[in-house]
Amino acid sequence: METSKVICVVCPNGCEISVDHEIQDNELKVLNITGNKCERGEKYAESEIICPVRTLTSTVAIADGMFPRLPVKSAEPIPKASMMEAMKEIRKKKVTAPVFMGDVIISNVAGTGIDIIAEKNG
Amino acid sequence: MINVDVAIVGGGPAGLAAAIECRNSGCENILILERDKILGGILNQCIHAGFGLSFYKEELTGPEFAQRQINELKGTGIKVMTDTMVLSVSQEKVITACSVEGLVEIQAKAIILAMGCRERTRGMLRISGTRPSGIYTAGTAQRLVNVEGYMPGKEVVILGSGDIGLIMARRMTLEGAHVQGVYEIMPKSNGLKRNIVQCLDDFGIPLHLNTTAIEIHGKERVIGVTVARVNQNLQPIEGTEEFIPCDTVLLSVGLIPENELSLGCGIVMDPKTRGPKDYGAFATSVPGIFACGNAHHVYDLVDNVAKDAIKVGRTASEFVRGEVSE
Ligand SMILES: Cc1cc2nc3c(=O)[nH]c(=O)nc-3n(C[C@H](O)[C@H](O)[C@H](O)COP(=O)(O)OP(=O)(O)OC[C@H]3O[C@@H](n4cnc5c(N)ncnc54)[C@H](O)[C@@H]3O)c2cc1C
Ligand code: SF4
């Protein structure tokens, strides 16, 4: 069994969480999680060991908007490993106003199954 | 002269939350004055997630938090003047502002100051060297990249490890720049742990503690920075100097409340918070003038800004109704 320390990034508390894990039948298994102040931390710590994910935020070019850029985010956290691939698609994307908060800007970004959506009206 | 019950200076999260609460607690004639083209304040450039967990019980980005507040304004009858810069506030509660139509004067029964904060600039730090281009405060760079769509440079050094600097380290990296490192004079970062993990560690950006910049090089454009380690008295240690090549330097060195207007009005200031001295329930030394948000003191979390601004909105409307004695 191994123990990893994970700092929870879900909220500003930044709890230091210990995760006991080991490989069983060629699969990484989480055995025990301590140090989290809430349930969200438990979920985060588990995913951090098995498949780390992050909410990606960036901007896309927008024509006819108030400003040249529209802020966008991944509707859900995406695997860390797909972040740079997702950025390539985001950098190429152009939209035209009007756009509303929550509108899908890129669907299934970098093959993750997760959409990139608008953070505000533009 | 425009007459209103409550005038709010600044349409960021503090001003918006205060305005909505004024309306909810019975005031009808409310006016928000905002110098920018849009409402939302600093949140418009804070495109990262990490807002609203306690106020909206949901993790939002800055623009999403602002958009929710803007949506809440609809149908309230609260008047908004954007592109309107407030020039002065008097003890008699007369506001002078410059709008697209020229100068306007507003007589208010109560005023809420919600101008936010500004960044400390390089002049307030002591770094020697020339004054080439390529030096930005982290917040200015944030606005350039996230709102204007302009990349300040390709090889970046970040001085100071405040949250805005950490967030910009990640942002510039995602946009294809290379961040050499974050240099912090103190033995510990004053940024949130979550930002060190997800903004630096995730991208392999080094954080150098006990290290400061002693010189910025370059004639027209920055070509590099000399950094050195410091001793316990924060003095550079001879022999530890290192030249770091870069074309851009971001300064992430803290915020101070924006209070030119308060000073001009003769409001008593608190030397500790650098905001107006609090005479209880966010009242300033001038009866009927209140302060909230980062103009009152610098907050870490927008959720707390909004929660406190609600209290301010309520007190201001009580004042207008004469329920709060002078
Ligand atoms: C870069 C950065 C990152 C942050 N990250 C987080 C985070 O991850 N999570 C979190 O919870 N909080 C975060 N915060 C804190 C939070 O965003 C702020 O505390 C909050 O936005 C402050 O709100 P405010 O309304 O007081 O000020 P602001 O949002 O600054 O609004 C002030 C408004 O007043 C206007 N104004 C100023 N002077 C005048 C004038 N003379 N006339 C007319 N209008 C005027 C300005 O244009 C602006 O719109 C961050 C802050 C910054 C700066
Ligand atoms: S464990 Fe819960 S309280 Fe601790 S940082 Fe994570 S989300 Fe916040």
Side-chain angles (χ1 to χ4, degrees), chain A residues 5-17 38 40-41 44-45 48 52-63 65-81 83-91 94 99-103 116-122, chain B residues 36-40 43-54 59-71 74 82-83 142-151 163 167 170-171 173-176 189 191-203 300-304:
Chain A
K5 293 256 182 256
V6 169
I7 291 170
C8 180
V9 300
V10 175
C11 91
N13 278 344
C15 293
E16 204 172 293
I17 305 178
C38 75
R40 286 197 312 248
Y44 171 80
E48 194 64 5
V53 294
R54 296 286 184 266
T55 298
L56 177 63
T57 62
S58 187
T59 63
V60 296
I62 179 165
M66 203 68 109
F67 296 99
R69 306 299 294 185
L70 173 77
V72 297
K73 69 167 196 179
S74 58
E76 278 167 57
I78 66 169
K80 236 160 81 168
M83 242 184 326
M84 284 304 183
E85 211 38 54
M87 276 305 295
K88 277 192 201 152
E89 291 181 25
I90 290 172
R91 244 180 265 143
K94 289 192 179 76
V99 172
F100 297 94
M101 175 165 65
D103 283 1
I116 296 293
I117 59 173
E119 290 185 23
K120 64 172 198 165
N121 302 354
Chain B
D36 207 337
K37 279 193 275 194
I38 52 168
L39 296 172
L43 294 180
N44 287 307
Q45 67 184 61
C46 298
I47 64 164
H48 58 280
F51 301 81
L53 271 170
S54 78
E59 176 163 69
L60 303 172
T61 65
E64 286 178 319
F65 193 104
Q67 187 71 57
R68 288 222 180 176
Q69 286 188 305
I70 292 166
N71 292 351
K74 293 211 179 93
T82 49
D83 279 314
Q142 189 179 44
R143 182 167 172 104
L144 285 176
V145 176
N146 292 345
V147 182
E148 315 287 349
Y150 168 81
M151 270 294 274
D163 286 310
I167 281 163
R170 169 178 62 186
R171 189 72 192 108
T173 306
L174 283 173
E175 286 298 339
S189 164
L192 292 170
K193 260 194 256 165
R194 69 191 306 236
N195 286 336
I196 297 191
V197 172
Q198 55 183 355
C199 298
L200 301 186
D201 298 354
D202 274 5
F203 298 94
D300 283 335
L301 284 184
V302 71
D303 300 74
N304 299 336

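Just so you know, these numbers come straight off a predicted model, no measurement behind them. Residue numbering restarts at 1 for every chain, and letters A, B, ... go by the order of the sequence lines.
Under a 3.5 Å cut-off, the side chain of B:D163 and the backbone N or O of B:N195 do not form any donor-acceptor pair.
With a threshold of 4.5 angstrom between heavy atoms, A:C8 approaches chain B through N, CA, C or O but not through any side-chain atom. Looking at A:I90, neither its backbone nor its side chain comes within 4.5 Å of chain B, counting heavy atoms on both sides. Looking at A:V10, only its backbone comes within 4.5 Å of chain B, counting heavy atoms on both sides. Of the two parts of B:L301, only the side chain, counted from C-beta on, holds a non-hydrogen atom closer than 4.5 Å to a non-hydrogen atom of chain A. For B:T173, the parts lying under 4.5 angstrom from a heavy atom of chain A are both the backbone and the side chain. Contacts of A:M66 with chain B are made by both backbone and side-chain atoms, with heavy-atom separations under 4.5 Å.
The candidate from B:N71, B:L174, B:N146 with the greatest count of non-hydrogen atom pairs under 4.5 Å with chain A is B:L174. Contact tally against chain B (heavy-atom pairs below 4.5 Å) for A:N13, A:V72, A:T59, A:V6: the top residue is A:T59. Counting heavy-atom pairs under 4.5 Å between each of A:P68, A:G14, A:P71 and chain B puts A:P68 at the top. Per-residue heavy-atom pair counts under 4.5 Å with chain B were compared for A:R91, A:E119, A:E16, A:R69, and the maximum is reached by A:E119. Comparing B:R170, B:E175, B:Q45 by how many heavy-atom pairs each has under 4.5 Å with chain A, the most go to B:E175.
Considering only heavy atoms from C-beta on, B:T61 stays 4.5 Å or farther from B:H48 through its side chain. You'll find the side chain of B:E59 reaches within 4.5 Å of the side chain of B:L53, heavy atoms only. Counting heavy atoms from C-beta on, the side chains of B:V197 and A:R54 come closer than 4.5 Å.
If you run side-chain contact (heavy atoms from CB on, under 4.5 Å) between A:I7 and each of B:K193, B:Q198, B:R194, only B:K193 comes through. The residue from B:N44, B:V147, B:I70, B:D83 that alone fulfils the side-chain contact (heavy atoms from CB on, under 4.5 Å) condition with B:I38 is B:N44.
Of all heavy-atom pairs spanning B:F51 and B:D303, the tightest one is C-OD1, 4.1 Å.
A salt bridge is absent between A:K5 and A:E48: the closest approach of a Lys/Arg side-chain nitrogen to an acidic carboxylate oxygen does not fall below 4.0 angstrom.
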